[in-house]
Undergrad: 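A single structure is presented below for examination.
Since the model is a prediction, treat every value here as computed from it, not as a measurement.
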Amino acid sequence: MSFRKFTLIFGENGRGKTTLCAILRSLQTKHSAFIHGRRTLGSSQHPQVTIALTSGQVIFQNGAWSPVPSDINLRIFDAHYIAENIYSGDVISSDQRRNLCRVILGQQGVTLANRYDEIDKEIGELNATIRVARGIITSYAGSVALEKFLALPPDPDIDAQIEAKTIQVQGLKETDQLKSRAGLTTLELPPLPAHLESVLSRTLEDVSRDAEHLVRAHITSHSMAAHGQEWIATGLSHVGDETCPFCGQSISGLDLITAYRAFFNEGYRKLRSELIRYRTNAARLFSDERIELLRTHATGNLTGVDLWGRYVAISKPGPLDLDQLTSVMTAFRGEMLVALDRKLASPLDTIELPPTYRAARDRYAVLLQTIGAYNQQATTANSAIESFETKANPARTQIVEGELSLLRIRRKRFEPAVQTACEQFKTASVAKAKAEEEKRKVRDQLDRYVESVLVRYQTSINRYLKHFAAGFHIDRVKVEYSGRVPNSTFCIVINDTAVEVGREDTRLDLPSFRNTLSAGDRSTLALAFFLAQLNEDPDRSRCVAIFDDPFSSQDQFRRTCTIGEIQRCGEQVAQVVVLSHDLRFLKAIWDLPLPTSDRKALWLIPSGKSDTEIGEWDIAGDTESEDAADRRVLLEFYHHPGATNPRDVIKKLRPVAETHMRRLAHGRLAVVRGLGDMIQRIRSDQRPESLVDSLADLTDINTYTRRYMHGENPNAASEPVSRRELQGFVLKLLEIVGAMPG
């Protein structure tokens with residue numbers, strides 16, 4: 001069923017006007033709920049709708065529109081529009097304030113308001129994410145501030161640090177017992193001999209070579225090469241009176257004794273004494289006892305590290321191979337003693353150090369470096385132990401426990417669940433900051449737009465209210481941000497007194513929307529808002545305006561004004577559709593000076609017990625008065641006498657004549673019944689002149705029609721009818737009532 005520029009749809013209550021509006025609203029909003037909510041009760045069929053648009057056909061089936069129309073611009077004024085945007089019952093709720101704000105703002109403002117609303121919802125969702133993430137984070141962060149907890153960097157050594165700090169805490173708690181325990185012992189090795197080569201190469205220049213030769217020969221001849229010089233030197237010290245200390249014989253003047261005294265002089269004795277001392281020190285410093293003591297200290301250090309390492313972060317010195325230490329020191333000691341023994345056997349000889357000595361010395365030098373590093377590590381460990389002992393007190397224990405707690409928190413920071421929560425918190429926080437900045441910018445744009453549109457919109461509404469003679473107007477229209485989303489507010493001015501619209505909980509004894517406006521006033525206000533919305537819509541030339549019973553509770557004056565506004569609305573929009581259950585209201589619109597090609601009348605026809613069909617509607621025939629219908633019959637017969645039953649035409653003559661006479665002489669004929677009596681009264685009063693001049697023709701018509709009245713003629717039903725005669729009397733009456741076309 002096609003529509004036109006002005007399409008009027010008649011439907012009795014319950015015939016589907018609201019359903020039709022719901023279908024169109026679903027098409028506009030793409031919300032299927034509007035259709036599903038109107039499906040026929042008790043029916044198992046799924047709703048299906050087909051609508052032809054200028055751009056093509058759209059179909060609703062399987063719960064959705066297909067294809068999705070992109071050029072739909074519908075504006076629907078009905079009970080749903082009023083309840084959603086203006087008021088419900090007798091109050092204006094917070095939801096209606098928010099929706100009315102969108103009505104006031106128009107498409108551009110609604111776009112901004114929608115974006116504002118979207119951002120606000122986005123911020124709400126981000127806040128929810130932040131709250132959940134914050135809850136997880138704070139349950140692990142302990143005393144660490146949220147920002148610092150988030151900024152903690154990962155530490156690959158955190159487990160080792162926690163272990164060390166745990167040991168430290170345990171040690172601090174056992175500090176009294178630990179203070180009695182020694183630290184690590186440094187290993188004291190003898191230094192490399194600095195003068196061994198010079199000692200071994202030293203000789204005595206004041207010993208004669210003859211004496212040396214004689215002494216060596218004597219020692220050799222008596223097989224005393226190993227300790228001969230030492231034996232003779234010792235014995236020589238006992239020769240005091242020139243007699244032999246063994247046999248008592250005189251040895252005075254013997255060349256051998258003279259040689260002994262020349263050889264074993266003071267320089268010799270000093271050299272020998274130095275060699276003996278050097279050898280004794282070497283044997284002592286590199287003795288097995290010293291080596292074993294070093295091994296004992298090194299082994300003790302291992303025990304100390306195990307003990308102190310449980311409380312202080314120290315490293316084990318080393319590594320140190322004790323068997324290698326023993327081998328190197330024993331070998332070096334042997335090489336030194338062999339060389340010194342050779343020197344002692346021949347103090348006046350220069351003793352060359354063999355390669356085996358130098359190899360042993362090099363190995364010992366490496367050992368000294370190893371022990372140096374070992375001792376440095378031991379010293380570092382002892383410093384940590386000493387610091388631990390110095391700081392060991394209850395306050396320090398508390399501090400270290402706090403440090404341990406922070407380390408554990410730091411490790412928790414990078415556990416999977418906490419890491420995820422931290423990333424969500426940071427991501428959501430950054431997104432929230434951006435959203436809030438965008439929200440601020442959108443609000444600034446919205447504020448600037450609102451400032452420009454509100455005055456114009458308020459003026460437009462009040463112009464319509466004045467046109468409807470509402471007796472009140474609105475003032476102080478503004479947009480507020482008291483809630484999460486923008487909402488509107490205004491006041492009503494009655495008798496120059498501003499009345500706040502109030503809320504659901506406004507006291508009944510206070511003036512407000514609910515008790516200062518009648519039902520008709522509220523309906524008029526809603527219509528004014530709708531018309532102002534259309535008027536302010538820059539895209540209204542493409543708009544289809546739909547009115548469903550727009551005159552609810554209005555008096556006749558406002559109904560007439562509403563009809564005029566619908567006409568003016570049609571001049572601005574692409575199409576107007578009016579649905580109503582009031583025949584006269586629709587007929588009044590139909591009778592507007594509209595081009596015939598621009599108007600169409602449809603009606604919702606009952607079909608069966610519960611179905612409705614849409615069909616063409618003969619609005620003129622269904623809405624004309626009885627007199628108008630009778631006149632139409634007379635005219636049709638006059639022009640086409642063969643197309644109408646003449647007896648039906650005769651029945652129209654007297655009612656048309658009586659109605660015409662009563663209109664012209666209502667005061668005289670108000671209580672007069674019957675055409676004959678009415679003619680007699682006019683003839684008697686000779687008033688009004690227009691009827692007096694027509695009395696002859698009216699009398700003839702009265703006489704003619706009496707032939708076909710059962711009360712006047714018993715044979716009325718069989719009385720023949722002349723179409724030519726009847727056509728003449730029809731012409732007389734049409735001329736009298738002014739219905740004959742010129």
Side-chain angles (χ1 to χ4, degrees), residues 24-34 64-65 67-77 80-86 92-133 424-458 460-461 476-490 529-530 532-544:
L24 296 176
R25 182 168 280 105
S26 173
L27 179 63
Q28 171 71 19
T29 63
K30 316 301 185 297
H31 293 329
S32 61
F34 289 111
W65 290 96
V68 178
S70 59
D71 60 342
I72 293 297
N73 188 5
L74 304 179
R75 293 290 181 268
I76 304 173
F77 180 80
H80 181 88
Y81 171 88
I82 296 173
E84 185 177 59
N85 301 297
I86 314 299
I92 300 177
S93 68
S94 56
D95 286 343
Q96 287 151 353
R97 291 172 184 269
R98 183 188 66 233
N99 295 335
L100 181 57
C101 177
R102 298 171 182 275
V103 171
I104 294 174
L105 295 180
Q107 187 59 46
Q108 180 180 349
V110 166
T111 300
L112 289 172
N114 283 341
R115 183 56 189 150
Y116 185 92
D117 198 3
E118 290 170 1
I119 298 172
D120 188 76
K121 290 178 180 177
E122 179 183 344
I123 292 173
E125 293 170 357
L126 290 171
N127 281 333
T129 300
I130 290 171
R131 277 196 304 273
V132 173
Q424 289 176 342
F425 182 89
K426 291 192 289 186
T427 301
S429 296
V430 171
K432 178 186 175 183
K434 291 181 179 178
E436 287 179 335
E437 176 62 18
E438 184 182 0
K439 181 180 178 181
R440 183 190 63 77
K441 291 180 180 178
V442 171
R443 175 165 176 174
D444 288 344
Q445 294 175 6
L446 191 56
D447 286 343
R448 290 193 296 271
Y449 175 79
V450 166
E451 185 177 354
S452 67
V453 77
L454 283 185
V455 173
R456 190 172 70 247
Y457 197 85
Q458 177 176 308
S460 181
I461 292 173
R476 301 205 298 264
V477 178
K478 59 183 178 180
V479 173
E480 295 181 337
Y481 299 86
S482 56
R484 291 178 55 196
V485 295
N487 60 87
S488 65
T489 183
F490 60 91
F529 268 107
F530 181 79
Q533 180 185 9
L534 279 176
N535 188 60
E536 295 298 322
D537 187 350
D539 200 28
R540 59 183 174 274
S541 62
R542 294 180 51 253
C543 176
V544 176

Undergrad: Going by salt bridge (Lys or Arg N to Asp or Glu O under 4.0 Å), name the residues that satisfy it together with Arg25, two or more places apart in sequence or in a different chain.
TA: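 Asp78.
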Undergrad: Can you say whether the rings of His80 and Phe34 are parallel (under 30°), tilted (30 to 60°) or perpendicular (over 60°)?
TA: perpendicular
Undergrad: On a heavy-atom basis, which atom in Leu126 and which in Ala431 lie closest, and how many Å separate them?
TA: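 Between these two residues, the closest heavy atoms are CD1-C, 3.7 Å.
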Undergrad: So Val544 and Leu24, do their side chains get closer than 4.5 Å, heavy atoms only?
TA: no
Undergrad: Is Glu118 paired with Lys121 through a side-chain N to carboxylate O contact shorter than 4.0 Å?
TA: no
Undergrad: Give me the atom names and distance for the closest heavy-atom approach of Gln424 to Ala133.
TA: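 Gln424 and Ala133 have their closest heavy atoms at CB-CB, 4.5 Å.
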Undergrad: State, to 0.1 Å, how close Ser460 and Glu536 come at their nearest heavy-atom pair, and which atoms those are.
TA: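 Heavy-atom minimum between the residues: CB-OE2, 3.9 Å.
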Undergrad: Would you say that Lys439 contacts Glu122 through its side chain, given a criterion of any heavy-atom pair below 4.5 Å between the two side chains?
TA: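 No, their side chains stay 4.5 Å or more apart.
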Undergrad: Please round to the nearest 0.5 Å and tell me the distance separating atom NZ of Lys432 and atom OG1 of Thr427.
TA: 14.5 Å
Undergrad: Please report the shortest heavy-atom distance between Ile130 and Phe425, naming the atom on each side.
TA: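 The answer is CG2-CE1, 3.4 Å.
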Undergrad: Output the distance between atom OH (Tyr116) and atom CD (Gln445), rounded to the nearest 0.5 Å.
TA: 12.5 Å
Undergrad: How long is the straight-line distance from CD1 of Ile119 back to NZ of Lys441, given to the nearest 0.5 Å?
TA: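 Going from NZ on Lys441 over to CD1 on Ile119, the span is 10.5 Å.
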Undergrad: Charged N to carboxylate O under 4.0 angstrom, Asp444 versus Arg440?
TA: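 Looking at Arg440 together with Asp444, the answer is yes, because their closest N to O distance falls below 4.0 Å.
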Undergrad: Identify the heavy atoms of Cys543 and Leu534 that sit nearest to each other, and give their distance.
TA: SG-CD2, 3.7 Å
Undergrad: Taking C-beta and beyond as the side chain, do Arg75 and Asp537 meet within less than 4.5 Å on heavy atoms?
TA: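 Touching, per the 4.5 Å side-chain cut-off.
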Undergrad: For atom NZ of Lys434, decide whether the heavy atoms of other residues, nucleotides or ligands shown that lie under 6.0 angstrom number more than 12.
TA: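 At most 12 heavy atoms, drawn from other residues, nucleotides or ligands, come within 6.0 Å of this atom.
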Undergrad: Would you find more than 12 non-hydrogen atoms of other residues, nucleotides or ligands less than 6.0 Å from Lys30 atom NZ?
TA: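 Yes, NZ of Lys30 has more than 12 neighbouring heavy atoms, counting only those of other groups under 6.0 Å.
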Undergrad: List for me each residue that meets salt bridge (Lys or Arg N to Asp or Glu O under 4.0 Å) alongside Arg476, sequence neighbours excluded, and say none if there are none.
TA: Glu500
Undergrad: Using the side chain to side chain donor-acceptor pair (under 3.5 Å) criterion, which residues pair with Glu436? Sequence neighbours excluded.
TA: none
